Asker: 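Here it is, the structure, as structure tokens.
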There are 2 protein chains.
Amino acid sequence: MMNRGGKRMGAGRPRGTNHYGEPTKPVRIPVSKIDRVLRFVREREDRIPLYGNEVPAGFPSPADDYAEGVLDLNAHLVREPTATFFVRARGDSMIGAGIHDGDLLVVDRSLEATNGKVVIVSINGELTVKRLRQAKGRTWLIPENPDYPPIDFQEQDDTHLWGVVTNVVHSL
Amino acid sequence: MMNRGGKRMGAGRPRGTNHYGEPTKPVRIPVSKIDRVLRFVREREDRIPLYGNEVPAGFPSPADDYAEGVLDLNAHLVREPTATFFVRARGDSMIGAGIHDGDLLVVDRSLEATNGKVVIVSINGELTVKRLRQAKGRTWLIPENPDYPPIDFQEQDDTHLWGVVTNVVHSL
DNA sequence: TTTTTGAATAATGTAACAACATTCAAAAGG
DNA sequence: CCTTTTGAATGTTGTTACATTATTCAAAAA
């Protein structure tokens, strides 16, 4: 009754039986980000509950159990990470499309800029966001604000179409 | 020449002069994720692949230069993960605040619902988004659309204030 | 045979430490 | 008197150390 277990091949807790299946190292993290970092390393970082218009059972405690209706903003808004970038919108020329001054635009370079899409173009080194309209063999950049005039794409020098705006993030 | 500096009020490096402006703590991270975690905690607005209105050098290939430094939308839009949830907006009663039908609302339950904030409330089991207005000792829920009337919060039954809307994600 | 026990060993959170960074008043130099 | 240099004091930081907890498995007990 005095001597159990003991020294032997394979005694003790095996390596790699931790939560991650690999070694860990301490890393110094700003306190306000510890919560998010832990969520990330525990692979639940981006699972945040999504609700419709009805108050669901258990609504008061999203942190508890939300098996259904979780949403990852990165996955939801960025379909092609390598072809995606962000632009900060300036001005109110696209207010009719829900794009306000200061909004963050998610731009996908891999999407085809077809008729009616909202696109990012550079004209003489300046970025602008407009709706693409192709008619009568010509291409126009249409603001969605009656105070601004349409732009004839062919008449401009040094133009480039950078991508299609897929989402607008507006901060309140 | 032997005694310079020395003990005194305000001697030494001031608190809060670190890279983050707040204290740090060691957190054990799986080795394969250390790089990503460090990139995340060290990320600053000016290092984000986010462009203003000028076409910057190297703009044509955001994926190349910033392949590893892409802005994490979750981190950018969700400050308090355990207190955050999403709601899908319905209707156009908040069109003036840039909230369109079908938009995704990021809601933070940990923020104080002060006068002027856009909030999510439930009234008789239904979720709604309105601007909170406190005046003359009363609380009103104000739509941002002249077609809709203000709601007297006190006159409603079965109400609950769920959180403050911090961001609106609008898909094009 | 099945169940319980405990030595061996790994994992984990955090304290501690050494090296580095920063500040500012005193000292040194003009 | 003014400017420059110096170094003690104090905060920051990456890493190590360590006490505690978790896990395993064969021997002991039932």
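Throughout, protein chains are lettered first and strands after them, A, B, ... in sequence-line order, and every chain is numbered starting at 1. The structure presented is a predicted model; accordingly, all values stated were derived computationally and were not measured.
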Asker: Between B:Arg15 (CZ) and D:dT13 (C1'), how many Å, whole number?
Answerer: 16 Å
Asker: Scan A:Pro26 against the nucleic acid and name what it touches under 4.0 Å (heavy atoms): base, sugar-phosphate only, or nothing.
Answerer: base
Asker: Restricting to salt bridge (charged side-chain N to carboxylate O under 4.0 Å, His left out), what partner residues turn up for A:Arg133, sequence neighbours left out?
Answerer: none
Asker: Sequence neighbours excluded, which residues qualify as salt bridge (charged side-chain N to carboxylate O under 4.0 Å, His left out) partners of A:Arg138?
Answerer: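 Checked A:Arg138 against salt bridge (charged side-chain N to carboxylate O under 4.0 Å, His left out); matches are A:Asp152.
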Asker: Using a 3.5 Å distance criterion without hydrogens, assess whether the side chain of B:Arg88 forms a donor-acceptor pair with backbone atoms of B:Gly102.
Answerer: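 The answer is yes, because a donor-acceptor pair under 3.5 Å joins these two groups.
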Asker: Looking at A:Arg28, does any N or O in its side chain come under 4.0 Å of the phosphate oxygens OP1/OP2 on D:dT13?
Answerer: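 For D:dT13, neither OP1 nor OP2 has a side-chain N or O of A:Arg28 closer than 4.0 Å.
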Asker: Between P on C:dT14 and NZ on A:Lys25, what's the gap in Å once rounded to a whole number?
Answerer: 19 Å
Asker: Which angle, to the nearest 10 degrees, lies between the helix axes at the two ends of the helix from C:dT1-D:dA30 to C:dG30-D:dC1, each defined by five pairs?
Answerer: 20°
Asker: Treat primed atoms plus P, OP1 and OP2 as sugar-phosphate and everything else as base, then score nucleotides 18-23 of chain C 5' to 3': B for base contact with protein heavy atoms under 4.0 Å, S for sugar-phosphate contact only, - for none.
Answerer: ---BBB
Asker: B:Ile34 has an atom CD1; how far is it from atom C1' of D:dG14, in whole Å?
Answerer: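 For the pair B:Ile34 CD1 and D:dG14 C1', the rounded distance is 11 Å.
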Asker: Would you say A:Asp101's side chain and A:Asp92's backbone share a donor-acceptor pair under 3.5 angstrom?
Answerer: no
Asker: Tell me if a side-chain donor or acceptor on B:Asp103 pairs with a main-chain N or O of B:Val168 at a distance below 3.5 Å.
Answerer: no
Asker: Enumerate the salt bridge (Lys or Arg N to Asp or Glu O under 4.0 Å) contacts for residues 159-172 of chain A, please, sequence neighbours excluded, ordered by first and then second residue.
Answerer: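 Found none.
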Asker: Can you check the B:Glu22 CD to D:dG11 C1' distance for me, whole Å?
Answerer: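 Atom CD in B:Glu22 sits about 15 Å away from atom C1' in D:dG11.
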Asker: Which residues pass the salt bridge (charged side-chain N to carboxylate O under 4.0 Å, His left out) test with A:Arg28, not counting sequence neighbours?
Answerer: none
Asker: Do the side-chain N or O atoms of B:Asn18 get closer than 4.0 angstrom to the phosphate oxygens (OP1, OP2) of D:dT13?
Answerer: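 Answer yes for this pair, as a side-chain N or O of B:Asn18 is under 4.0 Å from OP1 or OP2.
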Asker: When you measure from the side chain of B:Arg109 to the backbone of B:Trp162, do you find a donor-acceptor pair of N or O atoms at a distance under 3.5 Å?
Answerer: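 No: the side chain of B:Arg109 does not pair with the backbone of B:Trp162.
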